[in-house]
Number of protein chains: 2
Amino acid sequence: MKRLSKNMEKKKDINKFVNKVFCEDSLKKLKEIPDNSVDLIFADPPYNLQLKNELWRPNQTKVDAVNDEWDKYESFEAYDKFCEKWLKECQRILKETGTIWVIGTYHNIFRIGKIMQDLGFWILNDITWVKTNPMPNFRGVRFTNATETLIWAKKNEQAKGYTFNYQLMKKFNNGKQMRSDWYIPICNGKERIKDKEGKKVHSTQKPEKLLKYVILSSSKEGDIILDPFAGTGTTGAVAKKYGRKWILIEMDKNYCKVIEDRLNSIQDRQEWLAEHQKTI
Amino acid sequence: MKRLSKNMEKKKDINKFVNKVFCEDSLKKLKEIPDNSVDLIFADPPYNLQLKNELWRPNQTKVDAVNDEWDKYESFEAYDKFCEKWLKECQRILKETGTIWVIGTYHNIFRIGKIMQDLGFWILNDITWVKTNPMPNFRGVRFTNATETLIWAKKNEQAKGYTFNYQLMKKFNNGKQMRSDWYIPICNGKERIKDKEGKKVHSTQKPEKLLKYVILSSSKEGDIILDPFAGTGTTGAVAKKYGRKWILIEMDKNYCKVIEDRLNSIQDRQEWLAEHQKTI
DNA sequence: GTGTAGTTTGAATCCTACG
DNA sequence: GCGTAGGATTCAAACTACA
């Protein structure tokens, strides 16, 4: 029997991961994914300081005083290392024609952008998600924090052939070129996933419209989209709705259960199209 | 004769710098300024754009790109070192009650933000300057680059008593809490300073409205405002108009001449108030 | 002076395929 | 690797010219 070609092996390999949710450590799982195999990555990395004990501290020692300067620097350093690792894996698995999106706030986005540039990612845009309904600053000591930042980048400076659906985005913007400021409400109402007690499941669930813009602007139907910090699975949900394939990684078991239910409730794009055609 | 108190000495010292334009190397001059002596810093450092090719508009005309010597750095590393140095000095000379603003685009702002955090600056907000009339993306390969980012930070996490004129900013925003997204046109028209041939003097002159928001939100009348990369002196001009003191540093002699003329043409706040009262 | 049409320009990491 | 030809590509605001 003939040996499979390298290309076939790789193709087979990535297909093992496609349209699945992996309830595992993000970095560990990313390392299993073959080189140059995914078309789009959307990453909403954690920056909660509570995680620094378990996840980011390299020497496993206890971090005590939050106010301690040394500890703060050390925790920045640990966070940087963590981000460098997962971003490096993302760069490795990204196709030459692929692009990556990373979202964050001023707490972490500057560090992430700097690391991405240092790794050789080539920034295409920084997008400002302008929240139409942000939480006000109750004490009146700062400006209302009304934005989050997304960095859109290609694999490296030389990489050619990335997808940008210019005309489609133009349509979304009343026939005018889409700008880097996006006006989108925070996720609320029916879209916001709640548990039995009516409490929100995830503290920072991203609105589907945000992912719609991300996915429709920078991927084609059939493309493989990876989310290493899937949360409640908005990336997967929007990918499925628009006929993209998905690979979701999420460490938290509760979130993973939510993702499975959410994805199951979404009709496959092909079925939807078929049904839609019938009703015409 | 009695020796002047330390406080008096310092006060005398900083007064040597006040309401002056220094045509010198920024870092060198910053080092001469005493510790804890300025109330507000606005910095518009070189962006390190790294433009490589010419850009042509669809109508076959060439874009007049930023091609100034002062924007060229050999590497990210060289740029980082430069920024670390001037930011460190800024932190030293800032009062405990003072704050700093730094503006940039995705080319440099992530590196700057990361360095600021590492130095111990405490970020209060990231402000998005949304340009109402940005240059479009001519090739249709990216989103219109419609924003710049400002980082607003205090000296360190523990620093207390910074100025934030909440009620005034609220007035500017139709009675609602001012948000972190500011809608301001690019500097153009009469405000844009041109030379005898009608060519723009500075490639990146900032609009006065931007500085108005910065200065009125985070300083009091009589405060000392420093700009280490003064350019055409917008910071000084707005400071003078609103009764603040200024310290401007700008290496380029041509720019310095422009600044002197510009500041001389602006009436002193006290005179303006007196005259205004007379005419009532 | 007024209104309208045409021109200019702005911190930009701005293409792709084929020989 | 490089050079070249082909082909797709722009928004808002200020300014100028002219009726």
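Residue numbers start from 1 in every chain, and the chains themselves are labelled A, B, ... in the order their sequence lines are given, proteins ahead of strands. Computed from heavy atoms alone, side chains included, the values below leave out hydrogens, waters and symmetry copies.
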If you measure from the C1' atom in D/dT10 to the same atom in C/dT8, how many Å do you get, rounded? 13 Å

Examine C/dC15: is either OP1 or OP2 under 4.0 Å from a nitrogen or oxygen in the side chain of A/Tyr166? Give yes or no. no

Do B/Asp68 and B/Ser203 have side-chain N/O donor and acceptor atoms under 3.5 Å apart? yes

Using a heavy-atom cut-off of under 4.0 Å over every strand shown, decide if A/Trp122 touches base, sugar-phosphate, or nothing. base

Taking the side chain of B/Pro58 as heavy atoms from C-beta outward, which of D/dA12, C/dA11, D/dT9 is closest to it? D/dT9

More 5' along DNA chain C: A/Lys160 or B/Arg192, using each one's nearest nucleotide? B/Arg192

Give a yes-or-no answer on whether the side chains of B/Tyr79 and B/Gln50 include a donor-acceptor pair shorter than 3.5 Å. no

Applying a 4.0 Å non-hydrogen cut-off, can you work out what B/Pro45 is touching in the nucleic acid: base, sugar-phosphate, or nothing? base

Nearest-Å distance for atom pair NZ/P, residues B/Lys62 and C/dC14: 15 Å

Would you find more than 12 non-hydrogen atoms of other residues, nucleotides or ligands less than 6.0 Å from B/Glu77 atom CD? no

Please determine, by modelled atom types, if A/Ser180 and B/Arg142 share a side-chain donor-acceptor pair under 3.5 angstrom. no

Give DNA chain D the dot-bracket treatment, 5' to 3': Watson-Crick (N1-N3 with N6-O4 or O6-N4) or G-U (N1-O2, O6-N3) under 3.5 Å, [ ] crossing, | other strand. .|||||....|||||||||

Of B/Val63 and A/Gly161, whose nearest nucleotide on DNA chain C comes first from the 5' end? B/Val63

Which whole-number value in Å describes the distance from B/Met135 CE to D/dT9 P? 19 Å

Pair B/Val258-B/Ile193, side-chain contact (heavy atoms from CB on, under 4.5 Å): steps then yes or no: CA-CA 9 Å; B/Val258 169; B/Ile193 299 172; 3.9 Å; yes

Taken to the nearest whole Å, NZ/B/Lys199 to P/D/dC15 is 19 Å

What string of B, S and - do you get for nucleotides 1-9 of chain C 5' to 3' if you count protein non-hydrogen atoms under 4.0 Å? --------B

Pick base, sugar-phosphate or nothing for B/Trp129, based on heavy-atom distances below 4.0 Å to the nucleic acid. nothing

To the nearest Å, how far apart are A/Gln158 CD and D/dG1 C1'? 14 Å

A/Asn125 CG to C/dA11 P, in whole Å, measures 17 Å

Could you tell me whether a side-chain N or O of A/Lys155 sits under 3.5 Å from a main-chain N or O of A/Gln91, the two making a donor and an acceptor? yes

Could you check whether A/Lys95 pairs with A/Asp39 (Lys NZ or Arg NE/NH1/NH2 to Asp/Glu carboxylate O, under 4.0 Å)? yes

Whole angstrom is fine here: how far is it from NZ in B/Lys190 over to P in D/dC15? 9 Å

Under 4.0 Å between any heavy atoms, over every strand shown, what does B/Pro134 touch: base, sugar-phosphate, or nothing? Just pick one. base

Spacing of the C1' atoms in D/dA17 and C/dG1 (rounded, Å): 15 Å

So what does B/Asp68 touch, heavy atoms closer than 4.0 Å: a base, only the sugar-phosphate, or nothing? nothing

Within-4.5 Å side-chain heavy-atom neighbours: A/Asn145 and B/Asp126: yes

Send over the distance from B/Lys206 NZ to C/dG10 C1', rounded to a whole Å. 11 Å

Side-chain ion pair, B/Lys31 and B/Glu89, N-O less than 4.0 Å: no

Side-chain contact test, heavy atoms from C-beta onward, threshold under 4.5 Å: evaluate it for B/Lys241 versus B/Ile215 and give yes or no. no

From C/dA11, D/dT9, D/dA13, nucleotide with atom closest to A/Gln167 side chain: D/dT9

Run through B/Ile33, B/Ile247, B/Ile93, B/Leu40 and flag the one making a side chain to side chain contact (heavy atoms under 4.5 Å, CB included) with B/Ile224. B/Ile247

At 4.0 Å (heavy atoms only), tell me whether B/Leu49 reaches a base, stays on the sugar-phosphate, or touches nothing. base

If every non-hydrogen atom of B/Ile225 is compared with every non-hydrogen atom of B/Ala239, which pair is closest and at what distance? CD1-CB, 4.2 Å

Answer with base, sugar-phosphate or nothing: what part of the nucleic acid does B/Thr204 contact at a heavy-atom distance below 4.0 Å? base

Has B/Lys176 got more than 12 heavy atoms of other residues, nucleotides or ligands less than 6.0 Å from its NZ? no

Whole-angstrom distance between C/dG10 and C/dC14, as gauged at atom C1': 15 Å

Looking for any heavy atom pair under 4.0 Å, which part of the strands does A/Glu157 touch: base, sugar-phosphate only, or nothing? nothing

Could I get the full list of ring-ring contact (aromatic ring centres under 6.0 Å, His included) partners for A/Trp182, not counting sequence neighbours? A/Trp101, A/Tyr213, B/Phe143

Quick one, which residues of residues 137-147 of chain B touch DNA chain C with a heavy atom under 4.0 Å? B/Asn137, B/Phe138, B/Arg139, B/Val141, B/Arg142, B/Asn145

Closest listed nucleotide, where the reference is the side chain of B/Ala65 and the choices are C/dA12, C/dA11, D/dA13: C/dA12

Taking side chain to side chain donor-acceptor pair (under 3.5 Å) as the cut-off, I'd like each qualifying pair that reaches into residues 245-254 of chain B, sequence neighbours left out, listed once. none

Could B/Lys257 and B/Glu260 be called an ion pair, given the rule that one side-chain N must be under 4.0 Å from one carboxylate O? no

Which residues, if any, of residues 169-184 of chain A bring a heavy atom under 4.0 Å of DNA chain D? A/Lys170, A/Lys176, A/Gln177

Please state how far atom CG in B/Leu55 lies from atom C1' in C/dC15, giving the value in whole angstrom units. 11 Å

